[in-house]
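Heads up: the structure comes next, in structure tokens.
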Amino acid sequence: MPDRDLEVGPALLDWYDRHRRVLPWRSAPGAASDPYAVWLSEIMLQQTTVAAVKPYFAAFLAAWPTVRDLAAAPLDDILKAWAGLGYYSRARNLHACARAIVDQHGGRFPPDEVGLRSLPGIGPYTAAAIAAIAFGQRAVVVDGNVERVMARLCAVEEPLPAARPRLHAAMNRVTPQSRTGDFAQAVMDLGATICTPRSPACVLCPLIALCDARRLGLQADLPRKSKKAKVPQRGGAVFIVHRSDGCVLVRQRPPEGLFGGMTEFPSTPWTEQHDAEHSPTRPVGLEKLEGPFVPVGTVEHGLTHFHLTLHVYAIRTDRQSFEGCRWIAVDALAGEALPTLMRKVARFAQGLNSETSTLANTPEPEPQITLPVQSDCPKINLPHPKSQAPNEFRTRHMPQRGRSRTTPSA
DNA sequence: GACCCGTGGGA
DNA sequence: TTCCCAAGGGT
């Protein structure tokens with residue numbers, strides 16, 4: 001049905017001209033877009049919601065208005081600004097990509113898919129998106145939205161991810177020769193607002209007359225997906241080592257892997273058979289640390305491949321140095337490259353710093369030490385290194401502390 | 001293809 | 001509560 005394929009482009013572009021979302025990284029209709037802004041937004045939007053990206057996009061653009069500014073920045077500044085957004089390899093690749101643009105491409109983005117694809121952090125989707133949106137190239141842009149829309153439009157019943165080649169081919173057939181960038185964003189807007197994963201709003205859809213799934217009544221069942229195994233549980237102990245001057249001990253994660261390059265509180269490895277009752281094992285580098293360990297609560301955190309329970313211990317010490325660690329004032333934690341997981345831990349650090357530890361002086365009836373730390377997690381997010389970034393990030397309240405303990409629990 | 005890699009919001 | 005999912009990329 002090649003006629004149908006030709007109708008999709010005009011129908012969708014017409015809809016896009018009337019209903020496109022207004023987003024900070026989008027240029028005005030018809031205006032040229034800044035490749036740097038397009039690239040930055042595309043990297044941030046990988047597996048990340050528009051709402052989560054907005055404040056980070058604004059902060060980055062304010063701090064580093066051009067790719068040269070970004071390339072000149074220390075990686076750690078970028079990690080600090082990225083903290084909380086997740087998938088931190090994106091930030092490392094962002095930095096590497098900016099440097100490659102400056103060092104190998106004269107400070108300009110390659111205007112074609114092949115050139116873009118060779119840069120760190122730019123895969124098939126992002127290369128196509130930048131080529132189409134920023135450079136007006138005809139490219140087949142396929143992300144999760146596009147896959148869903150194509151699966152429904154063409155009633156592809158083969159489950160993902162096996163159906164990918166078929167869905168890419170469908171997008172290729174439907175992509176017009178001109179306004180490719182607008183078309184790609186139109187499909188994504190449609191997927192985000194109408195052709196949604198659950199209960200699609202077909203009555204509002206500009207493609208309703210062209211949609212095979214709708215015709216067959218399959219729209220709610222597509223795309224099919226192979227189901228995923230549930231995530232395992234892991235646990236560990238994390239230590240807030242604090243001095244009387246209000247400093248706590250932190251260290252950097254290894255440069256690659258989980259939370260690579262980010263700041264953390266020293267902790268044991270996170271294992272599947274962590275025993276909370278067991279005496280807390282000192283992390284590598286803290287072997288000389290002496291008790292008493294004061295259990296101050298637990299932190300729950302969901303990650304992509306496992307769920308983590310961290311048992312938090314506070315330890316007072318006068319030792320001046322620990323292998324691979326550094327001291328930092330509790331008040332300065334907000335400016336650190338702390339991932340959200342560690343910001344949850346950081347909540348327990350506040351109030352531990354005074355000479356008369358509040359832990360020893362606030363008797364509470366509650367026998368439980370475990371504290372709920374859930375959705376209202378720590379927005380201890382940072383002011384920005386260079387600019388004074390938008391102050392939508394700020395520390396909130398302190399967690400309530402459980403019963404006081406002054407004796408070693410281990 | 002299979003895994004790894006974060007986080008927050010909605011149903 | 002639990003599960004799903006969001007403008008994916010790297011290995």
Side-chain angles (χ1 to χ4, degrees), chain A residues 21 23-26 37-57 79 82-94 96-97 116-130 132-134 139 141-149 159-165 171 181 184-193 196-199 220 223 225-233 253-254 256-262 264 300-308 337-344 372-379 381:
Chain A
R21 290 179 290 174
L23 300 171
W25 42 87
R26 281 187 180 170
V38 172
W39 164 70
L40 181 61
S41 70
E42 290 299 343
I43 301 299
M44 288 183 167
L45 286 163
Q46 289 168 4
Q47 297 291 286
T48 309
T49 57
V50 165
V53 164
K54 279 180 177 174
Y56 286 86
F57 178 80
L79 291 178
W82 198 275
L85 240 203
Y87 285 131
Y88 298 100
S89 67
R90 291 184 298 171
R92 287 178 257 132
N93 285 331
L94 190 81
C97 184
L116 290 163
R117 182 68 182 78
S118 69
L119 294 164
I122 298 184
Y125 160 76
T126 306
I130 297 173
I133 297 169
V141 182
V142 182
D143 75 329
N145 286 307
V146 175
E147 287 180 348
R148 182 172 59 256
V149 172
L160 286 168
R164 291 236 160 89
M171 184 62 173
Q185 294 180 89
V187 181
M188 293 191 275
D189 276 17
L190 189 75
T193 62
T196 50
R198 280 171 295 221
S199 32
K225 299 189 176 185
S226 42
K227 43 176 166 282
K228 42 201 119 186
K230 61 176 185 182
V231 301
Q233 170 76 216
R253 304 265 309 171
E256 303 289 328
L258 185 61
F259 301 121
M262 302 293 286
E264 69 171 1
E300 301 285 339
H301 195 69
L303 295 104
T304 310
H305 285 89
F306 60 96
H307 187 274
L308 181 63
L338 289 176
T340 299
L341 165 63
M342 290 299 157
R343 277 168 203 266
K344 292 179 180 177
V373 179
Q374 279 306 327
S375 53
D376 82 302
C377 54
K379 296 300 188 190
N381 243 322

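Protein chains get the first letters and strands the later ones, always in sequence-line order, with residue 1 at the start of each. Heavy atoms only: backbone and side chains are in, while hydrogens, waters and symmetry mates are out.
- Nucleotides dG8(B) and dG9(C) are separated by 22 Å at their P atoms, to the nearest Å.
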Legend entry - Under 4.0 Å protein heavy-atom contacts per nucleotide of nucleotides 6-11 of chain C, with B for base, S for backbone only and - for none: BBBSS-
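- The residue among Leu258(A) and Arg198(A) whose nearest nucleotide of DNA chain B lies closer to the 5′ end is Leu258(A).
- Protein atom CE of Met262(A) is 9 Å distant from nucleotide atom P of dG6(B), rounded to whole Å.
- Partners of Pro165(A) according to the side chain to side chain contact (heavy atoms under 4.5 Å, CB included) rule, which considers only residues two or more places apart in sequence or in another chain, do not exist here.
- In this structure, the CZ atom of Phe306(A) is 10 Å from the C1' atom of dG6(B), given to the nearest Å.
- OP1 or OP2 of dC4(B) sits under 4.0 Å from a side-chain N or O of His305(A).
- In this structure Thr193(A) satisfies the side chain to side chain contact (heavy atoms under 4.5 Å, CB included) test together with Trp15(A), Arg21(A), sequence neighbours excluded.
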Legend entry - Worked verdict on Val50(A) versus Phe57(A) for side-chain contact (heavy atoms from CB on, under 4.5 Å): CA-CA 10 Å; Val50(A) 165; Phe57(A) 178 80; over 6 Å; no
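- dC4(B) and dA7(C) have their P atoms separated by 24 Å, given to the nearest Å.
- One can place NZ of Lys344(A) at 8 Å from C1' of dT7(B), the figure rounded to the nearest angstrom.
- Atom CG of Leu79(A) is separated from atom P of dC5(B) by 16 Å (rounded to the nearest Å).
- Residues passing the salt bridge (charged side-chain N to carboxylate O under 4.0 Å, His left out) test with Glu147(A) are Arg164(A), sequence neighbours excluded.
- The distance from atom CZ of Phe259(A) to atom P of dC4(B) is 15 Å, rounded to the nearest whole Å.
- For Tyr87(A), there are no ring-ring contact (aromatic ring centres under 6.0 Å, His included) partners, not counting sequence neighbours.
- Atom CD1 of Ile43(A) and atom C1' of dG6(B) are 16 Å apart (whole Å).
- For the C1' atoms, the distance linking dG8(C) with dG1(B) amounts to 16 Å, nearest Å.
- Both Pro165(A) and Pro339(A) sit near DNA chain B, but only Pro165(A) has its closest nucleotide nearer the 5' end.
- The side chain of His301(A) places no N or O atom within less than 4.0 Å of a non-bridging phosphate oxygen (OP1 or OP2) of dG6(B).
- Looking at Thr48(A), its side chain does come within 3.5 Å of a backbone N or O of Gln46(A) through a donor-acceptor pair.
- Rounded to an integer number of Å, the gap from Leu341(A) CG to dG6(B) C1' is 10 Å.
- For Arg117(A), the salt bridge (charged side-chain N to carboxylate O under 4.0 Å, His left out) test picks out no residue, with sequence neighbours left out.
- Across the protein-nucleic acid pair, Leu160(A) atom CG and dG1(B) atom C1' stand 14 Å apart, rounded to whole Å.
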